[in-house]
Amino acid sequence: MAMWVFGYGSLIWKAGFNYDDRVVGFIKDYRRVFYQGSTDHRGTPEYPGRTVTLEPAPGEVCWGAAYKISKEEDKQTAITYLEVREKQYDKKAYVDFFTDPTATTPAISGVMVYIASPDKKLNPNYLGPASLEDIAKQIVCAEGPSGPNREYLFQLEKAILEIGCKDKHLMDIANEARRILSEAERTAS
């Protein structure tokens, strides 16, 4: 039986494991938010970056990509890889995945997704909500072993636009980050 994994952040543009198929679509009743601290990829323990997680949001949808992994060996390799890559995400959920906005029946059921919960006991890196400006400022300034946090932000924005979607939270933060960077550039010159 095939295993399916849903990506709503960097997994959209960089899976990092072998897969048989990649399907663009969405999950229902969740929204993507920059509430998870990243101390291992896009920030440091001293200055965490911000990456996306999902929060329950009845009536909303979160677009991304689902990856089908069929071979047993590929499944084991993918799980081992994802458990390391997504180690700051404390929850795994199995969700329905849709490809057609008018469909009432999912295209795929039981798709695995990693979620960083707001429970500080289980997830000490959860940062939670902040003002648009504060989130953007933190993303602009943070950098970790995987590179600058703003690179993650702009790559995610590009990936979402490429699949033909809009995500207001994401776009607002990206626009604010560009404004901060442009202001810093003007001040420096």
Side-chain angles (χ1 to χ4, degrees), residues 2-27 30-44 47-55 61-71 73-95 97-99 107-108 111-116 123 125-127 135-136 138-167 169-171 173-175 177-178 181:
M3 174 178 96
W4 286 86
V5 178
F6 179 65
Y8 57 92
S10 60
L11 282 177
I12 297 173
W13 75 86
K14 184 183 176 188
F17 51 84
N18 292 331
Y19 57 89
D20 304 300
D21 198 9
R22 176 184 183 269
V23 181
V24 170
F26 61 91
I27 60 173
Y30 285 98
R31 73 183 200 113
R32 175 183 12 251
V33 290
F34 274 88
Y35 293 175
Q36 177 64 7
S38 174
T39 59
D40 60 343
H41 289 293
R42 297 296 181 163
T44 62
Y47 198 95
R50 276 186 178 261
T51 55
V52 291
T53 186
L54 296 173
E55 73 172 7
V61 299
C62 177
W63 284 86
Y67 296 91
K68 179 184 183 183
I69 308 159
S70 300
K71 293 183 196 140
E73 185 182 326
D74 288 345
K75 286 187 217 175
Q76 292 310 312
T77 303
I79 288 288
T80 302
Y81 171 77
L82 288 167
E83 289 297 318
V84 171
R85 178 174 170 172
E86 308 297 330
K87 69 180 178 238
Q88 293 191 339
Y89 289 69
D90 61 304
K91 245 172 87 181
K92 262 189 266 181
Y94 294 86
V95 296
F97 178 80
F98 297 81
T99 54
I108 308 154
V111 177
M112 183 176 72
V113 61
Y114 287 84
I115 300 172
N123 179 13
N125 290 308
Y126 182 76
L127 298 173
I135 290 174
Q138 186 168 1
I139 289 171
V140 164
C141 296
E143 190 165 336
S146 296
N149 199 181
R150 63 180 166 264
E151 180 183 89
Y152 171 92
L153 168 67
F154 296 136
Q155 283 272 55
L156 181 55
E157 177 190 40
K158 180 181 174 210
I160 290 297
L161 290 171
E162 281 175 356
I163 62 176
C165 302
K166 286 199 172 123
D167 180 312
H169 178 74
L170 169 62
M171 302 304 166
I173 292 168
N175 287 332
R178 274 190 282 279
L181 288 165

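Heads up: numbering here begins at 1 and tracks the sequence. Just the heavy atoms: all of them, side chains too, but no hydrogens, waters or symmetry mates, feed the values below.
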>> As a test of understanding, state which of R85, Q155, E86 forms a side chain to side chain donor-acceptor pair (under 3.5 Å) with S10.
In response: R85
> So, for R32 and W63, which heavy atoms are closest and what is the spacing to 0.1 Å?
Replying inline: NH1-O, 3.0 Å
> Using the benzene-type ring in the case of Trp, are the ring centres of Y19 and Y67 under 6.0 Å apart?
Replying inline: yes
> Got Y8 and V52 here, is their nearest side-chain heavy-atom distance under 4.5 Å?
Replying inline: yes
Can you give me every donor-acceptor pair (side chain of residues 138-148, partner residue at least two apart or in another chain, under 3.5 Å) with its distance?
residue : atom : partner : partner atom : Å
Q138    : OE1  : R50     : NE           : 2.9
Q138    : NE2  : P48     : O            : 2.9
S146    : OG   : H41     : ND1          : 3.0

> Taking the side chain as C-beta and beyond, is there a heavy-atom pair between W13 and L156 under 4.5 Å?
Replying inline: yes
>> For a side-chain contact (heavy atoms from CB on, under 4.5 Å) check, start with the C-alpha distance between M112 and I69, then their side-chain angles and the critical distance, and finish with the verdict.
In response: CA-CA 11 Å; M112 183 176 72; I69 308 159; over 6 Å; no
>> Which heavy atom of G49 sits nearest to which heavy atom of L127, and what is that distance?
In response: O-CD1, 3.8 Å
> About how many Å separate CE of M171 and CG of L153, when rounded to the nearest 0.5 Å?
Replying inline: 9.5 Å
>> I need the E151 CD to K158 NZ distance, nearest 0.5 Å.
In response: 11.0 Å
>> Measuring only between side-chain heavy atoms, which start at C-beta, is I108 closer than 4.5 Å to K68?
In response: no
> CD1 of I115 to CG of D90: how many Å apart, nearest 0.5 Å?
Replying inline: 9.0 Å
> How long is the gap from OG1 on T77 to NZ on K71, to the nearest 0.5 Å?
Replying inline: 10.5 Å
> Atom OH of Y126 and atom OH of Y89: how far apart are they, to the nearest 0.5 Å?
Replying inline: 11.5 Å
> F34 and H169: which non-hydrogen atoms are nearest, and at how many Å?
Replying inline: N-NE2, 3.0 Å
>> I'd like to know if the side chain of N125 reaches the main chain of Q88, judged simply by a donor and an acceptor atom lying under 3.5 Å from each other, with no hydrogens or angles considered.
In response: no
> Between F6 and G25, which heavy-atom pair has the shortest distance, and what is it?
Replying inline: CE1-O, 4.2 Å
> Between N18 and E73, do the side chains contain an N or O donor and an N or O acceptor separated by less than 3.5 Å?
Replying inline: no
>> Quick one, L82 and K92 - any side-chain contact, counting heavy atoms below 4.5 Å?
In response: no
> How far apart are the closest heavy atoms of E157 and L170, and which atoms are they?
Replying inline: CA-CD2, 3.8 Å
> Which pair of heavy atoms, one from N149 and one from R42, lies closest together, and at what distance?
Replying inline: CB-O, 3.5 Å
>> Can you confirm whether I27 sits close enough to V111 that some side-chain heavy atom of one is under 4.5 Å from a side-chain heavy atom of the other?
In response: no
>> Please report the interatomic distance CZ(F17) to CG(D74), rounded to the nearest 0.5 Å.
In response: 10.0 Å
> Of V61, T99, I163, which is the lone residue that meets side chain to side chain contact (heavy atoms under 4.5 Å, CB included) with F26?
Replying inline: V61
> Do W4 and Y94 come within less than 4.5 Å of each other through their side chains, counting heavy atoms only?
Replying inline: no
> What residue among T53, T51, N123 forms side chain to side chain donor-acceptor pair (under 3.5 Å) with Q36?
Replying inline: N123
> Is the CZ atom of F97 crowded by more than 12 outside heavy atoms at less than 6.0 Å?
Replying inline: yes
